[in-house]
2 protein chains.
Amino acid sequence: MMKKITSTALALFVTFSLYAQEKVDMAMMQKIRKEGLENSKVMDLAFDITDGNGPRLSGSPGLRKAQAWAVNKLKEWGLQNAHTEAWGTFGKGWQVDKYYAAQTTPFYRPIIAYPKAWTPGTNGPIKSQVILIKADTITDLAKYKGKLAGKIVMMDRSAPIRVNDKPELTRHSDQTLENMANAQMQATPQGGGNRPNPNAANNQMAMLMRAREVQAAMAAMLVEEKVGLILTQARNGSYGTLFSSNGASYALDAKPVAPELEVSPEDYLRIHRLLKAGRPVEIEADIKTSFYTEDPKGYNVIAEIPGTDKTLKDEIVMIGGHYDSWHAGTGATDNGAGAAVMMEVIRILKAIDYKPKRTIRIGLWGAEEQGLHGSRGYMLKHFGNPTTMELLPAHKNLSAYYNIDNGGGKIRGIYLQGNAGVKDIFKSWLEPFHDLGAKTVTISNTGGTDHQAFDALGLPGFQFIQDPMDYSTRTHHSNQDTYDRLNPEDLKQIATIVAAFVYNTSERQEKLPRKELPKPRPTNN
Amino acid sequence: MMKKITSTALALFVTFSLYAQEKVDMAMMQKIRKEGLENSKVMDLAFDITDGNGPRLSGSPGLRKAQAWAVNKLKEWGLQNAHTEAWGTFGKGWQVDKYYAAQTTPFYRPIIAYPKAWTPGTNGPIKSQVILIKADTITDLAKYKGKLAGKIVMMDRSAPIRVNDKPELTRHSDQTLENMANAQMQATPQGGGNRPNPNAANNQMAMLMRAREVQAAMAAMLVEEKVGLILTQARNGSYGTLFSSNGASYALDAKPVAPELEVSPEDYLRIHRLLKAGRPVEIEADIKTSFYTEDPKGYNVIAEIPGTDKTLKDEIVMIGGHYDSWHAGTGATDNGAGAAVMMEVIRILKAIDYKPKRTIRIGLWGAEEQGLHGSRGYMLKHFGNPTTMELLPAHKNLSAYYNIDNGGGKIRGIYLQGNAGVKDIFKSWLEPFHDLGAKTVTISNTGGTDHQAFDALGLPGFQFIQDPMDYSTRTHHSNQDTYDRLNPEDLKQIATIVAAFVYNTSERQEKLPRKELPKPRPTNN
């Protein structure tokens, strides 16, 4: 696409990139860098979101409190239409009010563990020998009938602990980035190649089905028998890091489940080894959790800097990231970092008194962790239905959406999500930030977060390439996802580059190029 | 030293090493390898010492229980004189009976922390806002008078968390081992070189003295004011790993101290950041610890396989390692590993029905962590006084002492402690184990554990070179020093090689060469 130069005066401050397509206003880039790198408030924002607020599990009082804080802060900065906006029905809120568990026999040791999300507490202190349940079939279960009321139980299952002989915290190497830059558009996978043996696959499926049946029967029995507490090994943690998950449906009409604790591998495996060796293990626990059903709706935080160009002000540049977190940490890298930098982007743009041509809108999404519910609900309400591809009028007005949700590592580039038309534009926009380590543009997709809700509607939604840091080894959904994991230099860099992308997107003559619209998905009726 | 060959038949099974000095009975090496590598029980022993028993803090009921278990096990294997033997007066025993602490404001979060050893509990549940104490001088302290009774307090001090961008678990590289092998005997450091500026040194000393005075005054005031609980940042941990230490003297007549909690860096720093930002933090805690004063003596576990050679049976080959641990883990790498492998050495030698020429004696030492008290006390009683160098008759009878206490990593070689006379002997003895990664002999010293008690008396006491694993990064004195950290293949290798060394030492015509006897140390009267 050709660019028109609108003013010779402006051209003095403009650099044409190698790609000869995009102008970049270097004076403005410098202004954004100065505000973002030298006057940053991003760590203050991250502090309030994590230390100041605590976990932000979907539907929880913690998330509501954090949402109210964000709306206030955005209003304070003079944003328009700052509000929480319901995206649909979520279900029950839940939080942990007390967690205590310790092994008392054969010796005393406090247990690093945490209630699975949406599980009930113990209804006061309990203490019992742990019963090791060995059940491969539903018939096996019968022998435990009448023996489990108030007891602490463990299934006869365990997984080894990861050996930590690689660095926990890493950054992308030049080689990794080069591989990303050289990636080709991936064809949709076709059949063929090494197909699994259909008989083997059927056998595996049958085994899986049987295991699931036993598991479901077990879960039902444990509730029926009024078991005191289930101990489950937490996935993949080590050295005190505990990865948490949910243990029950958050639907308003969800069936009751038994109290369940996700136990750090060291504590779990010790108890399991002792029980396997026939040694009695006694545990005491006191767990209190609360459910909240008064307002089952889920919310996003939305706010705007209105556009000022007569013809472009109805067009929109969006930024965002999810705001909800898991419950055992304070959701710092997942995704306090993303929320803090996106708020900081807004602060930077307000601080330099930028009057955007297009409207800039921030969305801090709810319930990403349960399936991108917040952003998907927002799509349905504002842009269209990705199943039927019935589009709403605003669909044509969105230029781009930028998302951060891959931890707190600095930006090394951007994923194009297969949108080849934006490649040279983004290359130009990254040029002023090569010195900050950001230069890679890859045609590849990345998944797992809210830009996909936009992408599913054919809207240009992007997620940046970030340094991996300790996201997958230590923090992603763990009790160690805390403020300590955030590196100020990285977060400043992210906010600065996103602010520049927002500026460029808002000022650009045209909206960003789009991919072909997806086709409506076939329905099953 | 020249060797005599006593039998041509034996020579068939004997390999002369490159060093042409030591015969190695390869058939016996093979037998030891088979028992040690294929029929190992070392993980069962480690399980009983760690999972089965729990922490073994010096003087604690846990250590006493583990000592009784070891004596029984050694008797079961047919050892002679298996007993606990007092090495002197230790002081108070202590253990944790309950640990619970959680932040309740601004949000609920359980705290990964542990009472400092030998500190009292909270005398029931307490709950208070945390008071941040800022006191650089004794005068500063005055303003807290009358305000601290029952309160939870934190000093205004913090240290950053280590960045984990190196592997947590490592093994020695060929290069490191080569450097060790090439090390020269170190001269005793002399004066000269870059001396510190004496004025600067005096200033630093004065500052240090002042800080210590304030600290001592603070500690006294906190007791006097009946403070509820002190929160202290645990050193160097991260991601849920908590390094523990002691918080008070274990002497019978020790002055009382205030309850003190060593808090994991993530939890500590969050509370500290909140307080520094002026945000109230409320904490609830319920900590119970017990003291034991009935028997203030400290004990070692001692047992023997009596020698069978008429002229050599009064001579001794000793093996050992300390048995006491810190209290927040189960003392697996420090030093359950050492105790388990040394017991396994004994088991291997009994299993192959070895009748040693010299007497083989195992010592599982107490109170190593407080200053090698167990092994030093044993020296005074059996071998002599390292200060006066008054020697007991058995001093001449000890051929060698072998120690394991550098975690659970396999043996890569041995430290000579400057005893050049054993270099070629040990090189020969390691030859059959080159395939297991053990071949480095270094003239260097290594310190920090019980072989030093022997070395101080001029007795040949040795510690092996072991792979570092995650000992210094994660397990050494931490809550994560658990059975999970022990690698069966490593422990089997250690036990096998030590058993071979014991066999060789016991069979050798002569006792091992010694260094020159140390001189009596000047006393201060």
Side-chain angles (χ1 to χ4, degrees), chain A residues 47 50-55 62 65 95-100 102-104 106-110 112 114 160-161 163-171 237-242 264-267 269-271 273-274 277 279 284 286 328-330 470 473-475 478-480 482-485 487, chain B residues 47 50-55 62 65 95-100 102-104 106-110 112 114 160-161 163-171 237-242 264-267 269-271 273-274 277 279 284 286 328-330 470 473-475 478-480 482-485 487:
Chain A
F47 167 75
T50 59
D51 289 344
N53 187 86
K65 188 166 53 126
Q95 74 176 16
V96 176
D97 299 317
K98 175 161 189 177
Y99 164 71
Y100 169 70
Q103 174 186 302
T104 53
F107 57 92
Y108 184 84
R109 185 175 160 91
I112 296 179
Y114 220 50
I161 296 188
V163 173
N164 296 65
D165 54 1
K166 304 278 184 305
E168 305 273 286
L169 188 147
T170 54
R171 292 188 181 274
S238 63
Y239 298 121
T241 300
L242 173 78
S264 63
E266 289 83 359
D267 286 319
L269 292 171
R270 182 188 63 253
I271 299 165
R273 284 189 299 268
L274 285 165
R279 313 273 176 103
E284 60 183 19
D286 186 2
T330 53
D470 48 3
T473 55
R474 286 284 161 197
T475 69
S478 89
N479 66 340
Q480 296 304 321
T482 63
Y483 176 91
D484 316 275
R485 309 281 102 85
N487 182 327
Chain B
F47 167 75
T50 60
D51 289 344
N53 188 85
K65 188 166 55 126
Q95 75 176 17
V96 177
D97 299 318
K98 175 159 189 179
Y99 163 71
Y100 169 69
Q103 174 187 303
T104 53
F107 57 93
Y108 184 85
R109 185 175 161 92
I112 296 178
Y114 219 49
I161 295 187
V163 173
N164 296 65
D165 54 359
K166 305 278 184 308
E168 305 273 285
L169 189 148
T170 54
R171 292 187 181 274
S238 63
Y239 298 122
T241 300
L242 172 79
S264 63
E266 289 82 359
D267 286 318
L269 292 172
R270 182 188 62 255
I271 298 164
R273 284 189 299 268
L274 284 165
R279 315 274 176 102
E284 61 183 20
D286 186 3
T330 54
D470 48 4
T473 54
R474 286 285 161 197
T475 70
S478 89
N479 66 340
Q480 296 304 322
T482 64
Y483 177 92
D484 316 274
R485 310 281 102 85
N487 182 326

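Proteins come first, then strands; the chains are lettered A, B, ... in the order of their sequence lines, and each starts at number 1. Atoms considered below: every heavy atom in the structure, side chains included; atoms not considered: hydrogens, waters and symmetry mates.
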When rounded to the nearest 0.5 Å, the distance separating CD1 of I112(A) from OG1 of T241(B) is 8.0 Å
Minimum-distance pair of heavy atoms, taken over all atoms of T50(A) and F107(B)
O-CE2, 3.8 Å
Check whether N164(B) gets within reach of chain A through its side chain, its backbone, both or neither, counting any heavy atom under 4.5 Å.
both
State, with a plain yes or no, whether a side-chain heavy atom of E168(A) is found less than 4.5 Å away from one of T473(B).
no
Looking only at heavy atoms and a cut-off of under 4.5 Å, which of V163(B), T170(B), N53(B) has the most pairs with chain A?
N53(B)
Taking only residues two or more places apart in sequence or in another chain, which ones pass ring pair (Phe, Tyr, Trp, His ring centres under 6.0 Å) with Y99(A)?
Y114(A)
Under 4.5 Å heavy-atom distance to chain A, tell me which part of A277(B) shows up: side chain, backbone, both or neither.
side chain
Side chain from CB out, backbone as N, CA, C, O: work out which of these in D97(A) comes under 4.5 Å of a heavy atom of chain B, or both, or neither.
backbone
Using heavy-atom distances under 4.5 Å, tell me whether R171(B) contacts chain A through its side chain, its backbone, both, or neither.
neither
T482(B) versus chain A, heavy atoms under 4.5 Å apart: side chain, backbone, both or neither?
side chain
Can you tell which of K98(A), E284(A), R109(A), R279(A) has the highest number of heavy-atom pairs within less than 4.5 Å of chain B?
K98(A)
When the 4.5 angstrom heavy-atom criterion is applied to K65(B) and chain A, the contacting part is side chain
What part of N487(B) gets closer than 4.5 Å to chain A, counting heavy atoms only: side chain, backbone, both or neither?
neither
R273(B) vs Y483(A), test: side chain to side chain contact (heavy atoms under 4.5 Å, CB included). Steps then yes/no.
CA-CA 10 Å; R273(B) 284 189 299 268; Y483(A) 176 91; 3.1 Å; yes
Exam field: side chain R270(B) to backbone G52(A), donor-acceptor pair closer than 3.5 Å:
no
How long is the gap from CZ on F47(A) to CG on L274(B), to the nearest 0.5 Å?
4.5 Å
Heaviest contributor of heavy-atom pairs below 4.5 Å to chain B, chosen from L169(A), N479(A), V96(A), is L169(A)
With sequence neighbours excluded, what pairs up with Y100(B) under the ring pair (Phe, Tyr, Trp, His ring centres under 6.0 Å) test?
Y100(A)
For chain B, which candidate among Q95(A), E266(A), K166(A) shows the most heavy-atom pairs at distances under 4.5 Å?
E266(A)
Is the closest side-chain heavy-atom distance between L269(A) and D484(B) below 4.5 Å?
yes
With the side chain counted from C-beta on, respond yes when I161(B) and R485(A) share a heavy-atom pair under 4.5 Å apart, and no when they do not.
yes
